[in-house]
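What follows is a set of notes on a single structure, which appears directly below.
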2 protein chains.
Amino acid sequence: MDRFVSTFTNKIDAKGRVSVPASFRAVLERDGYTSGIPGGIYCYPSLDAPALDAGGQSLAKTIDRLLDGLPDYSDERDELSVALYGDVHIIPVDQDGRIVLPEALRAHAGLCTHVAFVGLGTKFQMWEPARFEERRGRAREKVHRHRQLFGAGSRPAQGDRGGEGGARE
Amino acid sequence: MDRFVSTFTNKIDAKGRVSVPASFRAVLERDGYTSGIPGGIYCYPSLDAPALDAGGQSLAKTIDRLLDGLPDYSDERDELSVALYGDVHIIPVDQDGRIVLPEALRAHAGLCTHVAFVGLGTKFQMWEPARFEERRGRAREKVHRHRQLFGAGSRPAQGDRGGEGGARE
DNA sequence: CCAAAACCCATGTAATCCCATATAGGCCCA
DNA sequence: TGGGCCTATATGGGATTACATGGGTTTTGG
């Protein structure tokens, strides 16, 4: 298992903890944090969605690479660093596989009682379940409209229901 | 943990002390500026922002390298040397993980009751929280405007499997 | 001798660990 | 093939620890 796939909805408990889906944890075990503390999640607010982006080491490297391309001590670099690094949180995963999302992150995604974990391959997102459903609906519609452009070949013939949504509750 | 990541806001007490975030201290434990003071912080006023730049040995080295790159006895080098070295302070961290910022530094950043510690990877900055929020807003906006450029650049990094084209956020 | 800095200890809050439990899904065996 | 067992996973809650912060005390330096 080396990619984040499928969607799971888990509950935030009284202490603010949420279980990371086991299959995501499996991915993070390989891609998780480097030497030392295994299991850290690299997490930051999505730039243009009310959601959180998260992933392991490879996601962190992506951002590092982005900044390494900029000259040291340029105005630009500092500004970008602030936006990219300043909002990032390294979230430890406890031994039961749970995380606690900082207030700033919860606020950005509007998280309150439940979190939808959405696998996106090399990273995953965390959504307020209702908002995600709404977003998903629009995405499906968009795909539908453009289907002919993609061509028949790319349609894997399985219906829209990806078989998830109700991992719990 | 080997990089300064994320943002924390701590309070300045009656004696002018502030706690350095624990995770930053962890980085400094390995990278601290050990010139007599183990775990000391290399700190100076940011050149182009009302903030303070701080870090450990690697930051000090980066600055040295920057100056080494300039021709000896050039005006530019002298100017930069003064600007960078002139205001550098080596700040000791007490055994509870707190520092006291010299008046000159506090003045430059406009610090008074609280300090926002902003991780920027190899270094971190200290801001007056309100000013930082303002700066962060601008930085986000800038990233947003340029995001397609970044998107293109970072694609190969995480997209070794191709796919997930639809995983747009 | 005074002021400022460094040191040491105390405390409340928040995060972390650890254990318990339920529920779901897979597996084995009849 | 169906049913029951077994394991993995999510979740709840109590106990423990870490951390930021406040305040008193000692040291240092002018």
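Naming: A, B, ... by sequence-line order, numbering from 1 per chain.
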**Asked** Going 5' to 3' along nucleotides 3-10 of chain C, which nucleotides have protein heavy atoms under 4.0 Å from the base (write B), which only from the sugar-phosphate (write S), and which from neither (write -)?
**Response** ---BBBB-

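- Put simply, V100(B) and F8(B) are part of two different groups of oily side chains (I, L, V, M, F, W, Y) that touch within less than 4.5 Å, one to the next.
- Not counting sequence neighbours, the partners of R17(B) by the side chain to side chain donor-acceptor pair (under 3.5 Å) test are D13(B).
- Rounded to whole Å, atom P of dC19(D) lies 15 Å from atom CZ of F117(B).
- Interatomic distance, CG of L120(A) versus OG of S6(A), reported as 11.5 Å (0.5 Å rounding).
- A single hydrophobic cluster is seen to contain both V18(A) and I41(A), as judged by linkage of ILVMFWY side chains at heavy-atom distances under 4.5 Å, directly or through other members.
- Not a single side chain to side chain donor-acceptor pair (under 3.5 Å) links T9(B) to another residue, sequence neighbours left out.
- Nearest heavy atom pair, residue A51(A) against residue A109(A), reads CA-CB, 3.9 Å.
- Atom P of nucleotide dT11(D) and atom CZ of F8(A) are separated by 12 Å, given to the nearest angstrom.
- Ring planes of F24(B) and F4(B): perpendicular class, angle over 60° (limits at 30 and 60°).
- Distance CD (E103(A)) to P (dA14(C)): 12 Å, rounded to an integer number of Å.
- In this structure, the CZ atom of R25(B) is 12 Å from the P atom of dA18(D), given to the nearest Å.
- In terms of the salt bridge (charged side-chain N to carboxylate O under 4.0 Å, His left out) criterion, R131(A) has no residue partners (sequence neighbours excluded).
- Atom NZ in K11(A) sits roughly 15 Å away from atom P in dA22(C) (whole-Å rounding).
- If one axis is set at each end of the helix from dC1(C)-dG30(D) to dA30(C)-dT1(D) from five pairs, those axes are 40° apart, to 10°.
- Using a 4.0 Å heavy-atom criterion, one finds that V20(A) contacts the sugar-phosphate atoms exclusively.
- A side chain to side chain donor-acceptor pair (under 3.5 Å) check over residues 83-92 of chain A, counting only residues at least two apart or in different chains, returns the pairs D64(A)-Y85(A), Y85(A)-R3(B), D87(A)-R136(B), D87(A)-R140(B).
- Taking atom CG on D13(A) and atom P on dT21(C), their separation rounds to 18 Å, with Å as the unit.
- N10(A) has its CG atom 16 Å from the P atom of dT23(C), to the nearest Å.
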